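Here the structure is laid out as structure tokens; the discussion comes afterwards.
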2 protein chains.
Amino acid sequence: MLPVTTQQKVIRLLGQNGHRLTSQKQTVLKILFEHDRSHLTVEEIYGYAKEESSRVSIATIYKTISFLEQENVLHKIRIDNKRNCYELIHPNEPEGHPHCICTKCCKTIGIVDESVIRMLSVCEQAIKVHYHFQINLQDILYYGLCEECRKKS
Amino acid sequence: MLPVTTQQKVIRLLGQNGHRLTSQKQTVLKILFEHDRSHLTVEEIYGYAKEESSRVSIATIYKTISFLEQENVLHKIRIDNKRNCYELIHPNEPEGHPHCICTKCCKTIGIVDESVIRMLSVCEQAIKVHYHFQINLQDILYYGLCEECRKKS
DNA sequence: TTCGATGCAAAAGGTTTGCATGGGT
DNA sequence: ACCCATGCAAACCTTTTGCATCGAA
């Protein structure tokens, strides 16, 4: 759960710089807060938004999501290459952290464990050295079986 | 460059199991062999194929690519989330190795260096331990600047 | 009252599909 | 001759866009 103070900060942010805090934006934010740590598709957000209030269009959902991405509230992850997924950014966690995706139940798990993150940054360093490539952004997905699904099978 | 013996093995493979080695399939394969180590989009393959012979349709390119994917000749990588890219699988190299993508010139570099690969598998191990997640497949992209583009800027 | 945000519907762009025809084997 | 593969065009699906209208500040 994103801390309430952070939530409020985000909400305030959206009404600034000539932007307007509309009910649609608030609805989308509410949904994102309620589904923190999940990885929602646009269609899912739209579905939840219609439950909240019928006055939403899919175009607005897309526009709002782009806006929230620009404002560093939301982060796009490409879990499959058909549709995009989004997750809330947690200010104190490494941005763009790796994800595990269960190929059976489709659950996604964000990898934020410090020791793992540290190891990955060692790999990054090695790539910089070996390939003379300056890494600015990483995008790491692991596919496999989560604990529950592995136990079942 | 994929070894010629491997190329021939692939070509032979395509005429087996009730499949037919058509000129279109051969054209696509020729293009893939010639652009080994690159990461071609479907549109690019289609473009090259039309140069080779005018008798190709985009639908056939898609169908051929799916077929080659199933046959473990080709591997899909999602470099951007608009269109898919493909690269030849090299039997003796780790499948699904990481890629560096230059955000300036769009060049992609496959990471096959053994020491880096070894480090990454240590990370995998750590994830298995910390998250009780069984990793079957990895999909790792690094975005940044390649050597040439970094020198230029 | 102003002007950014919304809703609608159409467009865009990549990919898939159905079906008659072509061409390997 | 058989029947898989191809080409065409239409369908699909997600995402984007243009524009008139709405509504937050």
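So you know, we letter chains A, B, ... as the sequences are listed, proteins then strands, and number each from 1. Computed from a predicted model, the values in this text were never measured in an experiment.
Judged purely by distance below 3.5 Å, without hydrogens or angles, the side chains of A:N136 and A:Q134 pair a donor atom with an acceptor atom. Between the side chains of B:E44 and B:H35, no donor N or O sits under 3.5 Å from an acceptor N or O.
Donor-acceptor pairing under 3.5 Å, judged by distance alone, is absent between the side chain of A:K82 and the base of C:dG13.
B:I61 places its CD1 atom 17 Å from the P atom of C:dT17, with the value rounded to the nearest Å. Rounded to an integer number of Å, the gap from B:I45 CD1 to C:dG14 C1' is 14 Å. Nucleotide C:dG23 holds its P atom 15 Å from the CD atom of B:Q26, rounded to whole Å. Following rounding to the nearest Å, B:I65 (CD1) and C:dT15 (P) show an atom-to-atom distance of 9 Å. Summarising the geometry, the separation between CZ on B:F67 and P on D:dA5 is reported as 7 Å, rounded to the nearest angstrom. Taking atom CG on B:L14 and atom P on D:dT6, their separation rounds to 11 Å, with Å as the unit. Rounded to whole Å, the distance from OH on B:Y46 to P on C:dG14 is 13 Å.
With DNA chain C read from its 5' end, the first of the two nearest nucleotides for B:K76 and A:T22 is the one closest to A:T22. If you find the closest nucleotide of DNA chain D to A:I58 and to B:S23, the one lying nearer the 5' end belongs to B:S23.
B:G15 comes within 4.0 angstrom of nothing in the nucleic acid, heavy atoms only. Within 4.0 Å of A:L21, counting heavy atoms only, lie sugar-phosphate atoms of the nucleic acid but no base atom.
Neither OP1 nor OP2 of C:dG22 sits under 4.0 Å from any side-chain N or O of B:Q24. For D:dA25, neither phosphate oxygen OP1 nor OP2 lies less than 4.0 angstrom from any side-chain nitrogen or oxygen of A:R20. Residue A:T60 has no polar side-chain atom (N or O) positioned under 4.0 Å from OP1 or OP2 of C:dA5. A:N84 has no side-chain polar atom (N or O) that falls below the 4.0 Å cut-off from OP1 or OP2 of D:dT14. For the OP1/OP2 pair of D:dC8 and a distance below 4.0 Å, the side-chain nitrogens and oxygens of B:S57 include no atom meeting the criterion. Between A:Y62 and D:dT15 there is a side-chain polar atom (N or O) within less than 4.0 angstrom of OP1 or OP2. One finds a side-chain N or O of B:K25 lying less than 4.0 angstrom from the OP1 or OP2 phosphate oxygen of D:dA5.
Two residues are said to be in side-chain contact when any heavy atoms from C-beta on lie closer than 4.5 Å; A:Y142 and B:D139 fail this criterion. Within the 4.5 Å cutoff, side-chain heavy atoms of B:V73 are placed close to those of B:L13.
With distances taken from any side-chain atom of A:R83 to the nucleotides D:dT15, C:dT15, C:dT6, the minimum falls on D:dT15. Relative to the side chain of A:R55, the nucleotides C:dT6, C:dG7, D:dA25 differ in distance, and C:dG7 lies closest. Picking from D:dG7, D:dA5, D:dT15 the nucleotide with the shortest atom distance to the side chain of B:K63 gives D:dG7.
For A:A126 against B:V116, the heavy-atom pair with the smallest separation is CB-CG2, 4.1 Å.
Taking 4.0 Å as the cut-off between side-chain N and carboxylate O, A:K30 and A:E52 count as a salt-bridged pair.
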